[in-house]
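First up is the structure itself, then whatever we jot down about it.
Counting starts at 1 for both ligands and their atoms, in listed order. Sequential numbering from 1 along the given sequence is applied to the chain's residues.
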Amino acid sequence: MADIHKNVLQLEEKLNQSLETVDRKRSEVQVIAVTKSVSIELTKAIVQEGFRHLAENRPEGLALKQEALADQEISWHFIGNLQTRKVKNVINRIDYLHSLDRLSLAKEIEKRAEATISCFVQVNVSGEATKSGVHPDELDEFIQQLADYPKIKVIGLMTMAPLTADTAILRTTFATLKECQRKIAEKALSYAPCTELSMGMSEDYQIAVEEGATYIRVGTSLFKD
Ligand SMILES: *Cc1c(COP(=O)(O)O)cnc(C)c1O
């Protein structure tokens with residue numbers, strides 16, 4: 001079995017290194033443990049390590065993990081594409097949605113949510129055709145349109161960087177998202193405070209944190225053997 005404790009120490013060390021580089025505090029970054037690919041046993045192990053923010057990317061996995069951890073105080077995040085017809089099974093079980101990327105989804109959330117839901121608008125910064133997310137050029141209009149859906153609170157932006165080892169590309173991607181976030185936050189919209197940045201995964205969280213991430217989503221680094 002993976003040595004979760006060792007992985008956590010390693011992550012904390014690298015995270016603190018990056019934070020120090022840019023003079024940020026540890027309390028400014030929330031680490032979300034992405035449990036989508038691991039067993040209930042490993043999910044319990046990461047909670048045992050003190051993690052209270054967990055992310056799943058499928059309604060079935062979410063339900064399974066929630067049942068197993070019903071006795072724990074957990075903040076649940078949904079990452080990845082959420083099919084419109086699955087909204088009703090998910091939206092009232094989660095605390096954060098990281099993948100708001102279309103009005104049809106907003107409309108279904110408005111219809112199904114029993115309370116206001118904290119959302120990140122997913123942005124396709126790199127413009128890759130295979131990636132979901134709102135294009136930066138269309139972001140302003142999309143945010144504006146969300147005013148019509150009072151159940152949705154836009155707490156921030158989310159992106160997935162391209163799969164590349166080129167740190168310059170990664171840095172530009174994250175910096176661009178930060179710039180988008182800053183511009184929206186500046187408008188001080190009541191329904192879209194947009195103060196948060198969900199960016200950075202196992203391969204690139206150090207750069208993301210240096211560029212201002214407030215939530216990083218880490219799976220592999222925590223659960224590797
Ligand atoms: C799987 C996934 C992650 C975690 O990726 P790792 O490389 O395992 O850290 C983060 N964000 C999203 C949207 C994912 O689908």
Side-chain angles (χ1 to χ4, degrees), residues 1-4 6-15 18 29-40 42-43 45-47 49 51-62 64-65 74-83 86-87 90-91 94-102 105 117-128 130-134 154-167 169-170 173-174 176-178 181 196-225:
M1 188 167 137
D3 189 342
I4 302 283
K6 187 174 139 213
N7 291 346
V8 170
L9 291 180
Q10 232 171 49
L11 174 96
E12 285 294 336
E13 191 183 332
K14 288 169 106 178
L15 182 54
S18 295
V29 179
Q30 187 60 249
V31 183
I32 304 168
V34 178
T35 53
K36 66 186 184 195
S37 315
V38 304
S39 63
I40 282 169
L42 285 177
T43 304
I46 203 71
V47 170
E49 287 290 332
F51 285 69
R52 288 294 176 273
H53 287 257
L54 304 186
E56 287 284 326
N57 69 342
R58 296 172 58 89
E60 300 76 16
L62 177 71
L64 212 68
K65 302 280 168 53
I74 307 280
S75 291
W76 293 97
H77 297 252
F78 195 90
I79 56 174
N81 181 48
L82 177 56
Q83 290 173 29
K86 299 274 178 81
V87 166
V90 168
I91 205 68
I94 58 173
D95 301 288
Y96 301 87
L97 175 68
H98 288 248
S99 49
L100 180 57
D101 61 355
R102 57 191 191 280
L105 183 56
I117 173 90
S118 294
C119 297
F120 292 86
V121 169
Q122 185 166 352
V123 182
N124 184 359
V125 174
S126 48
E128 292 164 277
T130 53
K131 248 188 199 139
S132 47
V134 180
V154 180
I155 64 160
L157 303 181
M158 177 273 199
T159 200
M160 287 178 78
L163 258 181
T164 173
D166 186 332
T167 57
I169 293 177
L170 295 171
T173 303
F174 295 139
T176 304
L177 192 73
K178 165 95 191 173
Q181 174 264 319
E196 309 302 317
L197 280 167
S198 169
M199 58 188 196
M201 305 170 33
S202 290
E203 293 300 322
D204 55 23
Y205 67 84
Q206 288 195 279
I207 297 172
V209 162
E210 287 164 20
E211 296 302 326
T214 61
Y215 289 84
I216 60 174
R217 312 176 308 269
V218 184
T220 314
S221 293
L222 289 173
F223 298 110
K224 68 185 177 190
D225 285 318

Requested in this report: Evaluate the side-chain proximity of Lys65 to Trp76: yes if any heavy-atom separation is below 4.5 Å, no if none is.
Outcome: yes
Specify the closest pair of heavy atoms between [X] and [Y], including all atoms of both residues, with the distance to one decimal.
| X | Y | result |
| --- | --- | --- |
| Met199 | Ala213 | O-CB, 3.3 Å |
| Thr164 | Leu170 | O-CD1, 3.7 Å |
| Phe51 | Ala33 | CD2-CB, 4.0 Å |
| Thr35 | Ile46 | CG2-CG2, 4.5 Å |

Query raised in the report: Gln10: what forms a side chain to side chain contact (heavy atoms under 4.5 Å, CB included) with it, not counting sequence neighbours?
Result: Lys6, Lys224
Report summary line: At a 4.0 angstrom heavy-atom cut-off, ligand 1 is contacted by Val34, Lys36, Ile79, Met158, Met160, Met201, Ser202, Arg217, Val218, Gly219, Thr220
